[in-house]
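Take a look at the structure below.
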2 protein chains.
Amino acid sequence: MTGIVDVAARAGVSVATVSRALRGLPGVSPATRAAVQAVAAELGYVASPSAAGLPTGRTGAVGVVSPVARGWYFSAIAEGAQEAFSAVGYDVLRYGLADVETQRRRVVDTHLLRKRVDALVVLSLPLTPDEVRALLAMQRPVIAIGPVMPGIQTVRIDDVEVGRSATRHLVELGHRRIGFVGGDPHDHLGFPVAPDRKQGYQEVLGEVGVEPDPKLTVGGKFLAESGVEAYAEFKRRGPLPTAVFAVSDEIAMGLIHAARSDGVRVPEDMSVVGVDDHDLSWLFGLTTVAQPVRKQGRIAALALLDRLRGGDTGNEVTTVPTQLKVRATTAPPGAPSSTRQSAPGTDGAGHGPPPGLPDDDEDQVSIP
Amino acid sequence: MTGIVDVAARAGVSVATVSRALRGLPGVSPATRAAVQAVAAELGYVASPSAAGLPTGRTGAVGVVSPVARGWYFSAIAEGAQEAFSAVGYDVLRYGLADVETQRRRVVDTHLLRKRVDALVVLSLPLTPDEVRALLAMQRPVIAIGPVMPGIQTVRIDDVEVGRSATRHLVELGHRRIGFVGGDPHDHLGFPVAPDRKQGYQEVLGEVGVEPDPKLTVGGKFLAESGVEAYAEFKRRGPLPTAVFAVSDEIAMGLIHAARSDGVRVPEDMSVVGVDDHDLSWLFGLTTVAQPVRKQGRIAALALLDRLRGGDTGNEVTTVPTQLKVRATTAPPGAPSSTRQSAPGTDGAGHGPPPGLPDDDEDQVSIP
DNA sequence: CTGTTAGCGCCTTCAG
DNA sequence: CTGAAGGCGCTAACAG
């Protein structure tokens with residue numbers, strides 16, 4: 001199990017020198033350093049994080065905590081973060097709330113975490129001031145993705161603007177009976193994503209003098225199944241809206257599926273716009289308000305990395321831009337049945353695969 | 001940073017007793033144990049994995065290594081494993097090959113891993129005998145998901161049978177001009193998933209006396225984009241097949257998208273069957289050969305956990321069953337245009353959402 | 001049943 | 001620039 005002493009012996013130096021040489025610390029002659037590195041490579045020596053962590057208090061790992069450790073959104077964010085962290089040798093540990101939660105503590109078991117990670121990314125978890133205090137008491141860099149909490153650096157999108165953007169698009173197409181799907185009191189532990197998007201929706205409706213119709217609003221989780229249920233609910237309540245704003249692409253997909261299965265054409269009979277630009281959304285030709293998911297993970301990771309290196313990134317809130325992507329599930333109300341034979345070259349954004357890996361080629365966002 | 005000594009002092013016992021009491025080791029009176037637990041809880045004490053790992057050599061973490069740490073398939077498997085591991089307090093570390101690979105070593109850096117994990121799950125990585133040897137030299141339990149390698153316990157599905165099953169379905173519907181999409185020499189590092197599925201495809205074609213037509217076989221990665229490209233390729237090569245077997249659901253989705261965008265009806269003009277039962281496949285009404293993805297992760301995790309506890313699970317190969325799920329993208333060739341108005345109650349498997357979480361409610365598979 | 005005592009492998013002052 | 005030595009927090013014999 002070749003340890004540091006083996007390397008030291010083989011290189012004819014002390015363990016202290018090996019330690020310094022391998023970690024790139026100053027105070028080692030270039031010659032010695034090279035020699036040590038050679039021996040280390042030859043022996044396949046790698047320092048044990050456990051052993052290295054004892055004296056330093058650092059673990060070489062960062063945690064990513066989310067309500068559940070499942071699903072496209074959380075996975076994609078974690079992927080973005082993971083890629084940035086492992087590029088510099090950090091391990092990342094994912095925790096679903098159920099894993100970290102104990103009977104006594106409501107949210108994150110800071111005692112457990114402090115001993116395991118050097119820094120923490122908190123996803124979609126709105127914490128109470130007390131919980132924030134406990135988190136900060138860990139004395140480790142923490143960054144949140146999603147909810148803005150006083151004292152905690154955050155990466156987010158403007159959810160109200162998301163709602164405006166989607167609704168504005170529908171309004172501009174001429175829609176006035178616009179449905180809204182999303183928002184479940186038990187979902188996301190109270191994190192106001194859906195409410196914010198709904199507010200944007202209502203604002204834009206207000207601007208064009210439309211009174212939001214409660215019959216056109218249905219709740220639901222961020223799942224395709226909710227879209228199916230929402231469609232059924234719309235139908236139950238009376239005439240369908242001419243367009244629907246779903247707070248996530250998965251909901252939108254379920255909605256479209258249910259509508260088409262029921263003989264309702266999308267977008268001719270009903271337009272649908274979602275949010276996220278899910279990896280598979282282009283397959284549905286789904287019009288959506290795209291948010292850079294993996295990139296948010298990466299931004300958070302880089303900010304944390306900077307702070308781990310002593311960078312004094314304050315508590316800024318970084319808002320990354322979202323962008324409406326018009327594809328093929330939205331059209332003016334009562335639009336004539338398209339022949340679905342768009343002329344070559346006029347294909348537009350609706351049909352081909354996306355130009356690259358999703359949200360990976362977007363313009364960089366500055367991290368203050 | 002409350003350590004074991006604090007607990008010991010507060011409880012009026014020695015650190016050894018605290019250690020024993022908290023880890024459930026025998027040789028502690030119930031009274032003492034309760035007292036210690038109370039104090040530990042009160043102080044919010046949690047043992048440091050780093051410190052605990054030094055004497056024992058155990059890290060309390062397991063690794064999951066895959067070609068890339070991205071995408072639905074690997075994420076879902078990792079989720080299944082993660083859930084089982086974190087239920088018993090293990091952390092899981094994910095590594096994409098790029099993270100673990102060094103210039104010198106072709107695949108897994110065992111030196112790096114040995115110091116970081118107690119056990120390893122290897123996903124879709126076919127290793128050479130030398131690499132297997134290096135892996136086993138780690139002296140840590142290793143299990144693979146996918147490729148069968150001598151000396152390594154494996155969880156897998158029968159890919160040849162997958163190919164047979166999909167093709168048989170199409171043949172039974174009456175198809176004879178059946179296309180095949182999948183298999184890229186650079187994909188999956190040579191792991192013969194696609195080839196095996198193709199073999200099953202060819203076997204069944206042979207049974208009905210059909211000579212496989214090279215023009216009907218196109219390569220591609222396990223991505224929806226490949227499905228789009230495959231459709232274009234089919235078109236380029238001449239008359240479309242009446243049915244296509246795609247080696248993954250994502251490919252199938254891309255294929256369907258491309259076909260429909262081109263005015264080709266699915267399944268009326270062309271049937272499509274995929275593999276996986278991707279979380280979103282039901283939205284496409286996709287007929288598929290379902291494999292329990294998360295469950296394979298869970299099975300592997302449980303087997304590893306058993307071995308970590310000293311269970312002497314040998315090197316068995318566990319083959320989990322797959323199952324054809326007929327939905328709405330397959331039909332007899334030249335089938336009349338469906339009205340898509342299935343009579344209520346006769347709806348079949350094609351339209352509603354799946355009954356529960358995907359592949360989570362399947363019957364349990366025994367782990368020898 | 002409980003306490004004492006060495007380390008586990010590495011980092012980090014402090015000398016040299 | 002380099003070496004020696006103590007200690008990080010916990011576990012694992014060994015005594016008692």
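Only a predicted model underlies this, so the values are computations on that prediction, with no experimental measurement involved. Note on naming: letters A, B, ... go to the chains in the order of the sequence lines (proteins, then strands), and numbering restarts at 1 for each one.
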Of all heavy-atom pairs linking A/Gly57 and A/Asp118, the shortest is O-OD1, 4.2 Å

Considering only nitrogen or oxygen atoms on both sides, find all protein atoms under 3.5 Å from nucleotides 14-16 of chain C and state each distance.
none

The correct set of residues in residues 22-29 of chain B placing a heavy atom under 4.0 Å from DNA chain C is B/Gly27, B/Val28, B/Ser29

Assign each of A/Lys115 and A/Ser14 the nucleotide of DNA chain D bearing its closest heavy atom; nearer the 5' end lies the nucleotide of A/Ser14

Item to complete: Check whether any side-chain heavy atom of A/Tyr90 lies under 4.5 Å from a side-chain heavy atom of A/Leu304, and answer yes or no.
Response: no

Applying side chain to side chain donor-acceptor pair (under 3.5 Å) to A/Ser66 and not counting sequence neighbours gives none

Residue pairs meeting salt bridge (Lys or Arg N to Asp or Glu O under 4.0 Å), one or both in residues 137-153 of chain A, sequence neighbours left out, come to none

Axis-to-axis angle for the helix from C/dC1-D/dG16 to C/dG16-D/dC1, ends of five pairs each, to 10°, equals 30°

In this structure, OH of B/Tyr73 is separated from CG of B/Leu123 (nearest 0.5 Å) by 7.0 Å

Residues of residues 47-62 of chain A with a heavy atom under 4.0 Å from any atom of DNA chain C, listed by number, are A/Ala47, A/Ser48, A/Ala51, A/Ala52, A/Leu54, A/Pro55, A/Thr56, A/Arg58

Rounding to 0.5 Å, atoms CD (B/Glu79) and CH2 (B/Trp72) come to a distance of 9.5 Å

Result for 5'-nearest mapping on DNA chain C, choosing between B/Thr17 and A/Ser19, is B/Thr17

Residues 24-33 of chain B vs salt bridge (Lys or Arg N to Asp or Glu O under 4.0 Å), sequence neighbours excluded, gives none

Across all chains, not counting sequence neighbours, the side chain to side chain donor-acceptor pair (under 3.5 Å) partners of A/Arg114 are none

What residues 4-12 of chain B contributes to the DNA chain D interface at heavy-atom separation below 4.0 Å is B/Ile4

Shortest non-hydrogen pair, B/Val18 vs B/Ala8, comes out as CG2-CA, 3.6 Å

Contacts satisfying side-chain hydrogen bond (donor to acceptor under 3.5 Å, both in side chains) that involve residues 15-28 of chain B (not counting sequence neighbours) are B/Ser14-B/Thr17, B/Ser19-B/Arg23

query: Checking B/Thr59 side chain against B/Arg116 main chain: does a donor-acceptor pair fall under 3.5 Å?
result: yes

Closest non-hydrogen contact found for A/Leu93 with A/Val117 is CD2-CG1, 4.0 Å

Residue pairs meeting salt bridge (Lys or Arg N to Asp or Glu O under 4.0 Å), one or both in residues 5-17 of chain A, sequence neighbours left out, come to A/Arg10-A/Glu42

Smallest heavy-atom separation, A/Leu125 atom then A/Pro147 atom, equals O-CG, 3.5 Å

For B/Arg133, the side chain to side chain donor-acceptor pair (under 3.5 Å) test, sequence neighbours excluded, returns B/Asp130

